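To start, the structure under review is shown below, and the notes come after it.
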Amino acid sequence: MSFEIIVLLSTFIISIILGIIIIPILKKLKVGQIERDDGPASHLKKQGTPTMGGIIIIIAMIISSIIAYIYMNMVGLEDTARKIIPMMLLTIGFGAIGFIDDYKKLVLKNTEGLKPSYKMLGLLIISVSYVIYLIQGLNLGTETYIPILKTYIELPTVVYIPAAIVVILATTNAINLTDGIDGLSSSVSAIIITCLTVIGLMIGIGEVSVFGSIVIGATLGFLMFNLHPAKVFMGDTGSLLLGGVISGLALYLKMPLLLLIIALVPVIETLSVILQVAFFKKTGKRIFKMAPLHHHFELSGWKENKVVIVFSIITLILCVIGLKII
């Protein structure tokens, strides 16, 4: 059994154990979901469901990363162990910002949460630090893979840095918008991260395959409690964390453009919101019954499970296509 599979299964078990411990604590603290009055009527019964569940993923990830780091140093894989750190810090940083936002909204009952300007500033600082570290700290350069052409192009640093930052911020926002139905964001994210992890295995980048396996295990463990009817929601703690992982791995692999294919579902979710807002401002009418797109299908009569299954299958097919064209 490969080290990656052992890591994945171990983290999966740790995540489930944490879920059993943490969810009752969240219930006791009354850290409950606040549903929109203008959302699907079926969601009103979810009012009060524990959220901030992303801490299950982040704690499981930290525990497994520390154990993997120690083990790899013991068996002579010090370089791989060292290179896991920047990806872990990006993930923890984004998760921490999401946690602060959730904490202010749900525990301190501050409906505004973390001010958008502070939130964006925090995400921006972490993103810039990560991108610069990739270029200069790890000397990965600015090569970017063009999937269909199957070739790399060298981008000027002044172009690459802002473009990479946009990739990170756009991905985290897209995963955040996808988080609106039981199990949707966690399912779709797990499939995308699995695809990126497999690529890491294929091209021999151990730090990506190991760290990716850790996050997959943590996310699948969380998903056991997040499937419909959800016992816990991930909140911004989880969605920002997963967005950070996806963009961080893609940039590390020098394949951010691949996200336009394998992460097409979150991309379309984001576009549906942009189009809805723009069209409404111009015409006073709506394109979709509700945005993001998953709510449109809900209001069209689809059950939550059907939306999750269909979106997950589409993501799986897109990931297979992504693996074929690299």
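All of these numbers come straight from a predicted model, not from anything done at the bench.
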Assess the residue pair Leu114 and Phe99 against the criterion (side chain to side chain contact (heavy atoms under 4.5 Å, CB included)); give the C-alpha distance rounded to whole Å, side-chain angles, the decisive distance to 0.1 Å, and a yes or no.
CA-CA 10 Å; Leu114 185 62; Phe99 176 82; over 6 Å; no
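Using modelled atom types, one side-chain atom of Ser247 and one backbone atom of Gly244 make a donor-acceptor pair closer than 3.5 Å. Counting only distance, with no hydrogens or angles, the side chain of Ser15 and the backbone of Thr11 share no donor-acceptor pair below 3.5 Å. Remark: the backbone N or O of Ala291 is not paired with any side-chain donor or acceptor of His296 at under 3.5 angstrom. Remark: side-chain polar atoms of Asp101 are not paired, donor with acceptor, to backbone N or O of Thr237 under 3.5 angstrom. In this structure a side-chain-to-backbone donor-acceptor pair under 3.5 Å is missing from Ser189 to Ser186. Side-chain atoms of Asp182 do not come within 3.5 Å of backbone N or O of Pro229 as any donor-acceptor pair. No donor-acceptor distance shorter than 3.5 angstrom exists from the side chain of Asn73 to the backbone of Glu78, with no hydrogens or angles considered.
Heavy-atom neighbours of Phe279 CZ from other residues, nucleotides or ligands within 6.0 Å: above the threshold of 12. Applying the 6.0 Å contact sphere to NZ of Lys27 captures no more than 12 heavy atoms from other residues, nucleotides or ligands. Within a 6.0 Å sphere centred on CZ of Arg82, other residues, nucleotides and ligands contribute more than 12 heavy atoms. Within a 6.0 Å sphere centred on CG of Leu108, heavy atoms belonging to other residues, nucleotides or ligands number more than 12. No more than 12 heavy atoms of other residues, nucleotides or ligands shown are found within 6.0 angstrom of OH on Tyr103. Few gaps surround NZ on Lys104; more than 12 heavy atoms of other groups in view lie less than 6.0 Å from it.
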Check: residues 312-326 side-chain donor-acceptor pairs under 3.5 Å, at least two apart:
unit_1: Ser312; atom_1: OG; unit_2: Val308; atom_2: O; d: 2.7
unit_1: Thr315; atom_1: OG1; unit_2: Phe311; atom_2: O; d: 2.8

For residues 207-222, please give each side-chain donor-acceptor pair under 3.5 Å, one per line with the distance, not counting sequence neighbours.
unit_1: Glu207; atom_1: OE2; unit_2: Tyr252; atom_2: OH; d: 2.6
unit_1: Ser209; atom_1: OG; unit_2: Glu4; atom_2: OE2; d: 2.8
unit_1: Ser209; atom_1: OG; unit_2: Gly206; atom_2: O; d: 2.9
unit_1: Ser213; atom_1: OG; unit_2: Ser209; atom_2: O; d: 2.6
unit_1: Thr219; atom_1: OG1; unit_2: Val215; atom_2: O; d: 2.7

Using residues 16-26 as the side-chain source, report each donor-acceptor pair under 3.5 Å to any protein atom, sequence neighbours left out, with the distance given to one decimal.
none

With a 3.5 Å cut-off and sequence neighbours excluded, list the donor-acceptor pairs that the side chains of residues 254-263 form with protein atoms.
unit_1: Lys254; atom_1: NZ; unit_2: Leu140; atom_2: O; d: 2.9
unit_1: Lys254; atom_1: NZ; unit_2: Glu143; atom_2: OE1; d: 3.4

Could you go through residues 173-181 and list every donor-acceptor pair under 3.5 Å that involves a side-chain atom there, pairing it with any protein atom two or more places apart or in another chain?
unit_1: Asn176; atom_1: ND2; unit_2: Asp236; atom_2: OD1; d: 2.8
unit_1: Asn176; atom_1: ND2; unit_2: Ser239; atom_2: OG; d: 2.8
unit_1: Thr178; atom_1: OG1; unit_2: Ala174; atom_2: O; d: 2.7

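The aromatic rings of Phe3 and Tyr71 lie parallel to each other, with less than 30° between the two planes, well short of the 60° mark.
The other members of the hydrophobic cluster of Val159, by chain and number, are Val158 (side-chain heavy atoms under 4.5 Å, ILVMFWY only).
Ile168 places none of its side-chain heavy atoms less than 4.5 Å from the side chain of Leu123.
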